[in-house]
Protein chains: 2
Amino acid sequence: MKSLLVFDAAMRSKSFSLAADELCVTPGAIGQQIHKLEEWLGVTLFIRHVRQIQPTEAALSYWQKIQPALEQIADASTRLKHSRGMAVLLSMPPSFAAKWFTRRMANLLTRHPGIELHLNASSVIVDFEREAVDLAIRYFNGRDTRLDATLMFNDEVRVFCTLEYAEARLLNTPDALAGASLLVTSVQPYWTQWLSRFSRLDAGTVAGIPRIHFDQALMAIEAAKQGHGVVLASPHLTEDEVSGQALIEPFAGCLHLDNGYYIVQHNKIALSPAAMLVKQWLIEEAGEKVPDNPGSSLHRATSC
Amino acid sequence: MKSLLVFDAAMRSKSFSLAADELCVTPGAIGQQIHKLEEWLGVTLFIRHVRQIQPTEAALSYWQKIQPALEQIADASTRLKHSRGMAVLLSMPPSFAAKWFTRRMANLLTRHPGIELHLNASSVIVDFEREAVDLAIRYFNGRDTRLDATLMFNDEVRVFCTLEYAEARLLNTPDALAGASLLVTSVQPYWTQWLSRFSRLDAGTVAGIPRIHFDQALMAIEAAKQGHGVVLASPHLTEDEVSGQALIEPFAGCLHLDNGYYIVQHNKIALSPAAMLVKQWLIEEAGEKVPDNPGSSLHRATSC
DNA sequence: AGCCATGAAATAGATAATCTATATCATGAC
DNA sequence: GTCATGATATAGATTATCTATTTCATGGCT
């Protein structure tokens with residue numbers, strides 16, 4: 001097989017010496033490799049003149065067949081080596097992508113300009129053995145034996161609504177939620193627990209509060225912005241809204257959850273260097289503290 | 001490059017042990033080669049489970065690209081090895097092919113049944129460096145520095161015509177040829193020399209004898225059979241006609257020539273084993289004595 | 001005519017690649 | 001509990017590949 005590369009070089013350069021230069025070996029090595037290939041094939045490939053070689057008809061026709069194949073192999077290898085080197089495939093839930101990642105992505109690309117990021121926003125759990133995904137951000141309890149899971153942050157949920165909605169519904173205490181609409185997401189269906197913890201409402205009253213259900217946090221947050229109710233959501237997903245005062249936290253109660261956002265990868269597939277950079281960056285960005293909302297005019301109970 | 005063959009086998013069999021069996025090495029060798037390829041590419045190709053391997057997405061896509069290329073190389077190599085092994089390309093002048101070789105060809109194929117003979121009947125001188133020809137029979141003086149030339153037989157020319165023609169023209173002595181038509185071939189244009197040697201005709205009379213010219217001996221011989229004249233031809237080309245009494249030799253005079261029929265090959269391209277067999281057979285067949293014609297009723301002068 | 005550079009072949013020996021042998025591990029079948 | 005299986009890791013043996021050197025024939029230059 002090595003002799004095929006030698007043969008290719010010799011055909012292209014029409015000289016054992018030039019082929020030797022190209023392959024960084026001595027002309028003697030080239031001569032020996034060609035001789036070995038001729039013996040293996042049982043065919044003379046080059047007519048040797050003094051200081052000169054000339055390919056035979058057999059060599060020309062053989063080369064026509066194998067040269068594209070060798071080029072295909074070299075090309076496929078190069079592409080795999082290189083594209084793999086800088087491409088990173090990152091999967092994450094759509095809400096997390098839209099609300100947390102997108103606002104930080106420019107920072108990632110500034111800090112690591114050569115990285116070719118492929119982003120997959122999907123709620124479907126990644127199967128690393130079937131999909132060409134390097135890393136994923138997954139919202140779960142961190143326990144899966146097939147994966148290496150690195151915690152970005154534990155989750156917690158807080159209450160958000162517009163200032164107008166809070167004023168109109170007189171949301172001065174959690175008990176006032178009895179007269180509000182509750183916006184619920186599939187991912188964080190914890191209103192009952194929150195009210196049980198932070199209000200004095202009995203279970204019957206809690207069960208009677210109207211609810212609107214959403215399968216994506218993103219949409220529930222949008223509904224809250226439209227004044228349709230109060231949403232129980234992760235503060236990581238409402239940063240933009242809170243800092244722009246589109247949403248406020250009417251109460252200070254935050255409910256800590258068992259789940260969290262984890263960076264996950266297959267525990268038996270090595271990360272490429274570029275993927276390692278992205279992972280490190282994610283860890284660093286996750287370590288930034290979620291800020292309290294300094295602009296809120298409503299009183300709140302003791303913080304978490 | 002070796003590791004690509006190993007990779008191919010591992011992908012096809014989905015097992016290092018089975019790949020080892022296929023390639024006649026130990027599973028350890030397979031494991032090392034795959035590990036080496038993974039390091040070279042910078043990509044994990046197989047997920048190792050206990051007693052099991054599983055190709056990654058990268059491996060599948062890489063294999064899709066290189067596997068046809070490896071197959072193309074193997075196929076081209078196998079074809080070159082095998083077809084070359086039993087195929088023999090033999091070139092010879094058309095007249096020689098039709099008149100000497102064809103009647104012996106069955107014997108060649110009987111003695112060497114596996115040989116795949118490719119016959120090229122052409123008057124054009126073979127250029128071994130441009131054409132995929134193994135051997136050629138060439139009519140020349142045997143001297144060409146680029147070729148190995150092996151003499152089959154020296155040439156000589158004799159006079160042939162039909163019995164009817166000889167009787168009608170009263171061809172009892174060579175002098176009687178003054179009243180005949182001479183059939184001349186490009187290859188053996190020696191009537192003047194023959195008559196000068198074997199007749200008492202003066203040069204003026206010789207020049208006045210009508211001639212018909214042919215560019216192929218084959219056609220001159222056919223014309224003689226049709227009673228159009230007497231042909232000066234190689235006895236090697238008239239064996240069928242003489243033995244079947246379609247032509248007779250009216251005189252015994254044979255003119256030895258410098259040229260001969262030679263088996264030629266390129267002096268720097270090795271013959272395949274099959275080509276060597278054909279060459280040997282040609283030499284043996286050429287060594288068979290050309291028989292005198294026992295059926296001729298005409299007296300002849302002293303033999304050659 | 002003589003000398004030198006060039007590009008090939010041949011060969012001995014050095015170096016690198018590849019393989020085997022062995023030990024170890026985890027799993028599944030019996 | 002034992003054994004077979006199929007993988008990994010590693011040391012050392014074997015083979016492939018390469019370098020260094022010598023030789024050869026040719027062509028250019030002086």
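All values derive from a computational prediction rather than experimental measurement. We name chains A, B, ... by the order of the sequence lines, and we start the count at 1 in each one.
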Nearest listed nucleotide, side chain of [X], among [options]:
{"X": "A:Val50", "options": "C:dT20, D:dA25, C:dA8", "answer": "D:dA25"}
{"X": "B:Phe16", "options": "D:dC18, D:dT8, C:dA8", "answer": "D:dT8"}
{"X": "A:Arg48", "options": "C:dT20, C:dA8, D:dT19", "answer": "C:dA8"}
{"X": "A:Ile53", "options": "C:dA8, C:dT20, D:dG6", "answer": "C:dA8"}
{"X": "A:Ser17", "options": "C:dG7, C:dA9, C:dC19", "answer": "C:dG7"}
{"X": "B:Thr26", "options": "D:dT8, C:dA8, C:dT20", "answer": "C:dT20"}

Quiz prompt | Distance-only donor-acceptor check, side chains A:Asn259 and A:Gln188, under 3.5 Å | solution =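 The criterion, which ignores hydrogens and geometry beyond distance, is not satisfied for A:Gln188 and A:Asn259.
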
Value in whole Å for how far the [atom2] atom of [N] lies from [atom1] of [X]:
{"X": "A:Leu37", "N": "D:dA16", "atom1": "CG", "atom2": "P", "answer": "15 Å"}
{"X": "B:Glu38", "N": "D:dA9", "atom1": "CD", "atom2": "P", "answer": "10 Å"}
{"X": "B:Leu23", "N": "C:dC19", "atom1": "CG", "atom2": "C1'", "answer": "12 Å"}
{"X": "B:His35", "N": "D:dT8", "atom1": "NE2", "atom2": "P", "answer": "9 Å"}
{"X": "A:Ile34", "N": "C:dA8", "atom1": "CD1", "atom2": "P", "answer": "11 Å"}
{"X": "B:Gln33", "N": "D:dT15", "atom1": "CD", "atom2": "P", "answer": "16 Å"}
{"X": "A:Phe46", "N": "C:dA8", "atom1": "CZ", "atom2": "P", "answer": "10 Å"}
{"X": "A:Glu39", "N": "C:dA9", "atom1": "CD", "atom2": "P", "answer": "13 Å"}

Quiz item: Between the side-chain atoms of B:Gln32 and the base atoms of C:dT20, is any donor-acceptor pair under 3.5 Å?
Solution: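 Answer yes: a donor N or O sits under 3.5 Å from an acceptor.
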
Exercise. Calculate, to the nearest 0.5 Å, the distance between atoms NE2 and CH2 belonging to B:His35 and B:Trp40 respectively.
Key: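 The CH2 atom of B:Trp40 is 15.5 Å from NE2 of B:His35, to the nearest 0.5 Å.
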
Exercise. Tell me whether the OP1 or OP2 atom of C:dA17 has a side-chain N or O from A:Lys2 closer than 4.0 Å.
Key: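 Result: no.
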
Quiz item: Between A:Ser3 and B:Ser15, which is nearer to the 5' end of DNA chain D once each is assigned its nearest nucleotide?
Solution: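 With B:Ser15 and A:Ser3 compared, the 5'-side residue is B:Ser15.
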
Practice problem: Would you confirm whether the ring centroid of A:Phe96 sits within less than 6.0 angstrom of the ring centroid of A:Tyr261? | Solution: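 That pair passes the under 6.0 Å test.
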
Quiz item: Ring centroid separation for A:Tyr62 and A:Phe7, is it under 6.0 angstrom?
Solution: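 A:Tyr62 vs A:Phe7: aromatic centres under 6.0 Å.
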
Practice problem: Show your reasoning for whether side chain to side chain contact (heavy atoms under 4.5 Å, CB included) applies to A:Phe16 and A:Val6. | Solution: CA-CA 9 Å; A:Phe16 287 179; A:Val6 168; over 6 Å; no

